[in-house]
Number of protein chains: 2
Amino acid sequence: MNEALQIRDHLLDELETGVRTGEALIRLIRPEDWSYRPQDNMRSLSELVRHLALVPRSDLAIMREAGAEEVGAVEESLNDEFDPELLASALRDSFEQYKAYLLSLDLHEWMTRSTKAFYADQGHTQIQWQIETLTHLFHHRSQLYNYLKQRGHELHFSMLYM
Amino acid sequence: MNEALQIRDHLLDELETGVRTGEALIRLIRPEDWSYRPQDNMRSLSELVRHLALVPRSDLAIMREAGAEEVGAVEESLNDEFDPELLASALRDSFEQYKAYLLSLDLHEWMTRSTKAFYADQGHTQIQWQIETLTHLFHHRSQLYNYLKQRGHELHFSMLYM
């Protein structure tokens with residue numbers, strides 16, 4: 001296989017690790033955790049989890065140049081959801097949609113097609129977007145890990161790899 | 001340029017974004033923040049910052065198959081440091097060492113040389129290590145962002161990109 005496409009797969013594998021371990025963290029949430037908010041100017045745990053579950057799906061909409069309204073609709077699509085199992089599944093689905101799009105691109109499109117977020121002046125190539133989505137997902141998975149620790153869950157960092 | 005090497009550079013650029021924004025967060029730390037620890041079973045802010053500053057350097061030692069003692073010495077090398085400017089510089093130096101190693105590899109070595117962490121049974125190729133270091137750094141940068149918010153710093157998420 002072409003080396004660049006091998007790297008694309010390594011990047012998807014790492015994103016899948018974030019998704020798999022993110023699902024495991026979401027499944028630990030207890031009903032009394034949902035309203036936890038570390039500070040007034042921070043997301044509540046429910047807001048954070050819904051955002052995390054939609055990172056691949058909303059990033060995909062943005063990199064496909066959806067407008068603000070369409071992206072907003074994606075971002076609000078889980079606003080009434082409190083079931084850990086359904087939120088974990090939503091994260092998985094969101095990843096599967098993202099992965100299918102990436103795999104649909106040929107090497108040239110992936111490396112050179114530049115697309116612009118509705119809020120941005122400059123475009124990114126699809127590979128650049130893929131790298132940004134990876135760090136975006138790990139950023140919020142990390143926050144979820146911290147929130148749960150602060151709520152007294154006994155977590156070990158090996159959970160972030162398993 | 002070969003496509004795979006372009007991706008290597010995109011990955012280094014994203015790591016540099018984590019480092020640059022990590023430096024900016026470190027520079028915001030006030031003397032009274034250092035001892036903050038959200039929970040007994042979590043790192044204090046000083047422990048977290050020292051760990052973050054050394055992520056590229058200790059990951060580099062590990063991927064170059066250093067033993068536990070050598071890696072431990074790297075991990076303890078900032079244990080008495082409380083100067084934000086010096087800790088920000090340490091993160092930058094740590095990144096520069098990491099980047100120089102990555103750029104010293106030829107394409108074949110980068111894609112296929114497998115190395116084993118002292119604590120692991122299975123090896124990873126150098127490109128796989130590079131992706132893991134990227135998500136590792138963003139994981140701890142995210143924690144620092146949360147700690148500072150919880151300490152009352154007024155932060156905007158655009159700081160994570162600037």
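Order of the sequence lines fixes the chain letters, A, B, ..., with proteins taken first and strands second; residue numbering starts at 1 for each chain.
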Task: Side chain proximity check, B:M111 to A:I7, heavy atoms < 4.5 angstrom - done: yes
TODO: Side chain from CB out, backbone as N, CA, C, O: work out which of these in B:L137 comes under 4.5 Å of a heavy atom of chain A, or both, or neither.
DONE: neither
Task: Neighbour count >12 (heavy atoms, 6.0 Å) for atom CG, A:D80 - done: no
Open item on the list: With a 4.5 angstrom heavy-atom cut-off, is it the side chain or the backbone of B:L107 that approaches chain A, or both, or neither?
Closed with: side chain
TODO: Kindly indicate whether the side chain of B:Q150, heavy atoms from C-beta on, has any atom under 4.5 Å from the side chain of A:M42.
DONE: yes
Open item on the list: Would you compute the distance between atom NE2 of B:H10 and atom NE2 of A:H124 and round it to the nearest 0.5 angstrom?
Closed with: 10.5 Å
Open item on the list: Between B:K149 (side chain only) and A:N41 (backbone N and O only), is there a donor and an acceptor less than 3.5 Å apart?
Closed with: yes
TODO: Could you check if a side-chain atom of A:R151 sits within less than 4.5 angstrom of a side-chain atom of B:Q39, using non-hydrogen atoms only?
DONE: no
TODO: Taking all heavy atoms of A:S142 and all of B:H139, pick out the closest pair and write down the distance.
DONE: OG-O, 2.7 Å
Open item on the list: Test your reading of the model: is there a side-chain donor-acceptor pair from B:E3 to the backbone of A:A4, 3.5 Å cut-off?
Closed with: no
TODO: Select one option (side chain, backbone, both, neither) describing which atoms of B:D40 are under 4.5 Å from chain A's heavy atoms.
DONE: neither
- [ ] Could you tell me which portion of A:I127 (side chain, backbone, both or neither) has an atom closer than 4.5 angstrom to a non-hydrogen atom of chain B?
- [x] side chain
TODO: Side chain from CB out, backbone as N, CA, C, O: work out which of these in B:H153 comes under 4.5 Å of a heavy atom of chain A, or both, or neither.
DONE: backbone
Task: Residues in side-chain contact (heavy atoms from CB on, under 4.5 Å) contact with A:S158, at least two apart in sequence or another chain - done: A:H156, A:M162
Task: Part of B:R8 lying under 4.5 Å from any heavy atom of chain A - done: neither
Task: 4.5 Å side-chain heavy-atom contact, A:I131 and B:L134 - done: yes
- [ ] Identify which of B:E132, B:H136, B:H140, B:R141 forms the greatest number of heavy-atom pairs closer than 4.5 Å to chain A.
- [x] B:E132
Task: Residue A:D13 versus chain B: region with a heavy atom under 4.5 Å - done: neither
